[in-house]
There are 2 protein chains.
Amino acid sequence: MSMNEKTLSTQKIFEGRVISVQVDDVELPNGKQSKRELVKHPGAVAIIPITSEGKIVMVKQFRKPLEKEIIEIPAGKLEEGELPEVTARRELEEETGYTTNKLEYIQSFYTSPGFADEILYVYMTNELKAMTEKASLDEDEFVELMEVKLEEAEQLIKEEKIHDAKTVFAVMYLKLKGM
Amino acid sequence: MSMNEKTLSTQKIFEGRVISVQVDDVELPNGKQSKRELVKHPGAVAIIPITSEGKIVMVKQFRKPLEKEIIEIPAGKLEEGELPEVTARRELEEETGYTTNKLEYIQSFYTSPGFADEILYVYMTNELKAMTEKASLDEDEFVELMEVKLEEAEQLIKEEKIHDAKTVFAVMYLKLKGM
């Protein structure tokens, strides 16, 4: 049996700078109708930057949706038409002041498939070069740089100071790699 | 320096069955102003159910935001005032036909802290009991049950049939536990 839901109509609710929101009327596999609330997102990248001392470069930032600061690996949204690897290098430069010639693609995943189409592409680099001129952050972005050991990152997860999917992923990934 | 953003005003955009959307005017740490687009979500649970044969119970389902079927561990939204552990048992029963007396809390994480406040509480159980009477799914929910070995799950990740944060987390968690 196909479980596909056929779109009967789409009601546009909101067109923002980052997200847009719509409500779709759908026909369910059993012929009945329902509504789906959907958030459209351009997609994002995250980078696991490892220093020559084996520390993970992270950023502490205030997240308005959570009304608190959390510690995350560097990440950012795709600009229209931008390749994820280009976004990854740009965000690395803007948020950390490091750049790299070697970005390794690890994998992608959807963050919230129940209501949003956001996909996250995760990259890693252990060849960081300090930039002589620091790239500037977006004008509404404020971050504090940190370099943490893997054991410290695990402790930060326990304390829920690291508390988001991509950074938890990064820490588990490094552990599985035997870093 | 505090990186907090002070809310100056909130514009309600949408109040749905699952999500609500608002745009906040904020004062940035440097005194300038900006806008934040925020999705409010009730929070959710996910369960890692392990059979007596050591297989992971998963569900294949059509996800409208992605316009495709993906394979996930069972999950669902918190009802208002519901404790996550109660949601976890209910979703396990509804989606898999198994129940349990032993749910182990693993950890929580935010799925998309850049634009949404959704938090996901993850539980595990390796004491599954088949229910004599199957609990019914929500009337707009259609899932196909699967039981997969850990190696199969890793292959499904490579093929991007498993492609969401919580299920990738579950597979890495089990691998780290040496399952």
Side-chain angles (χ1 to χ4, degrees), chain A residues 1 3-5 7 13-14 16-19 21 23-24 26 28-30 32 34-41 44 60-66 69-70 72 75 77 107-118 120 139-140 142-144 157 160 163-166 168-169 172-173 175-176, chain B residues 1 3-5 7 13-14 16-19 21 23-24 26 28-30 32 34-41 44 60-66 69-70 72 75 77 107-118 120 139-140 142-144 157 160 163-166 168-169 172-173 175-176:
Chain A
M1 185 187 79
M3 294 186 290
N4 285 18
E5 298 175 358
T7 307
I13 304 285
F14 174 65
R17 278 189 314 165
V18 179
I19 57 168
V21 180
V23 177
D24 282 8
V26 299
L28 300 170
N30 64 1
K32 294 194 177 169
S34 189
K35 284 180 190 294
R36 300 291 182 207
E37 299 163 4
L38 311 173
V39 175
K40 300 278 185 179
H41 186 282
K60 191 197 247 184
Q61 64 187 310
F62 182 79
R63 289 300 204 174
K64 191 71 181 67
L66 319 183
E69 289 174 7
I70 56 171
E72 303 170 51
K77 291 178 298 290
Q107 75 173 87
S108 65
F109 49 78
Y110 292 101
T111 54
S112 297
F115 71 93
D117 70 350
E118 184 191 31
L120 187 78
E139 59 177 11
D140 62 354
F142 299 83
V143 306
E144 191 182 310
I157 290 177
E160 300 189 342
H163 205 188
D164 73 313
K166 67 180 171 302
V168 169
F169 168 87
M172 294 173 93
Y173 175 80
K175 243 192 131 176
L176 278 170
Chain B
M1 183 187 82
M3 295 187 290
N4 284 16
E5 298 175 358
T7 307
I13 304 283
F14 174 66
R17 281 189 315 165
V18 179
I19 57 169
V21 180
V23 177
D24 281 9
V26 300
L28 300 171
N30 64 1
K32 294 194 176 170
S34 190
K35 285 179 188 293
R36 299 291 182 207
E37 301 164 3
L38 312 172
V39 175
K40 300 278 187 179
H41 186 282
K60 190 197 248 183
Q61 65 187 308
F62 181 79
R63 288 300 203 172
K64 190 72 180 69
L66 319 184
E69 291 175 6
I70 56 171
E72 303 171 51
K77 289 179 299 289
Q107 76 173 87
S108 65
F109 49 78
Y110 292 101
T111 54
S112 297
F115 70 94
D117 70 350
E118 184 191 31
L120 187 78
E139 58 178 12
D140 62 355
F142 298 83
V143 306
E144 191 183 309
I157 289 177
E160 299 189 344
H163 205 188
D164 73 312
K166 66 180 172 301
V168 169
F169 169 86
M172 294 173 94
Y173 176 81
K175 243 192 131 179
L176 278 170

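Residue numbering restarts at 1 for every chain, and letters A, B, ... go by the order of the sequence lines.
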Of all heavy-atom pairs between Ser112(B) and Ser112(A), which one has the smallest distance, and what is that distance?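 What the structure gives for the nearest pair is OG-OG, 3.6 Å.
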
Do you know which two heavy atoms are closest between Met3(A) and Phe62(B), and how far apart they sit? O-CB, 3.2 Å

Which one, Lys32(B), Lys166(B), Gln107(B), leads in non-hydrogen pairs under 4.5 Å with chain A? Gln107(B)

Between Ile157(B), Asp117(B), Leu66(B), who has the most heavy-atom pairs with chain A when the cutoff is under 4.5 Å? Leu66(B)

Selection from [options] maximising heavy-atom pairs under 4.5 Å formed with chain B:
{"options": "Leu38(A), Val21(A), Leu120(A), Asp24(A)", "result": "Leu38(A)"}
{"options": "Ala75(A), Ala44(A), Pro113(A)", "result": "Pro113(A)"}
{"options": "Val26(A), Val23(A), Ile70(A), Leu28(A)", "result": "Leu28(A)"}

Roughly how far, to the nearest 0.5 Å, is CG of Asp164(A) from CD of Glu118(B)?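 It is 12.5 Å, given to the nearest 0.5 Å.
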
Distance (rounded to the nearest 0.5 Å) between Ile13(A) CD1 and Phe14(B) CZ: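 Spacing of CD1 (Ile13(A)) from CZ (Phe14(B)) equals 5.0 Å.
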
Can you tell which part of [X] gets under 4.5 Å to a heavy atom of chain B, answering side chain, backbone, both or neither?
{"X": "Glu5(A)", "result": "both"}
{"X": "Glu139(A)", "result": "backbone"}
{"X": "Lys60(A)", "result": "both"}

Side chain from CB out, backbone as N, CA, C, O: work out which of these in [X] comes under 4.5 Å of a heavy atom of chain A, or both, or neither.
{"X": "Gln61(B)", "result": "backbone"}
{"X": "Val168(B)", "result": "side chain"}
{"X": "Glu160(B)", "result": "side chain"}

Hey, are the side chains of Arg63(A) and Tyr110(B) touching, using non-hydrogen atoms and a 4.5 Å cut-off? no

Does atom NZ of Lys64(A) have more than 12 heavy-atom neighbours from other groups under 6.0 Å away?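 Yes, NZ of Lys64(A) has more than 12 neighbouring heavy atoms, counting only those of other groups under 6.0 Å.
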
Glu37(B) side chain to Arg17(A) main-chain N or O, any donor-acceptor pair under 3.5 Å? yes

Met172(B) and Lys175(A): side-chain contact (heavy atoms from CB on, under 4.5 Å), yes or no, with the steps? CA-CA 10 Å; Met172(B) 294 173 94; Lys175(A) 243 192 131 176; over 6 Å; no

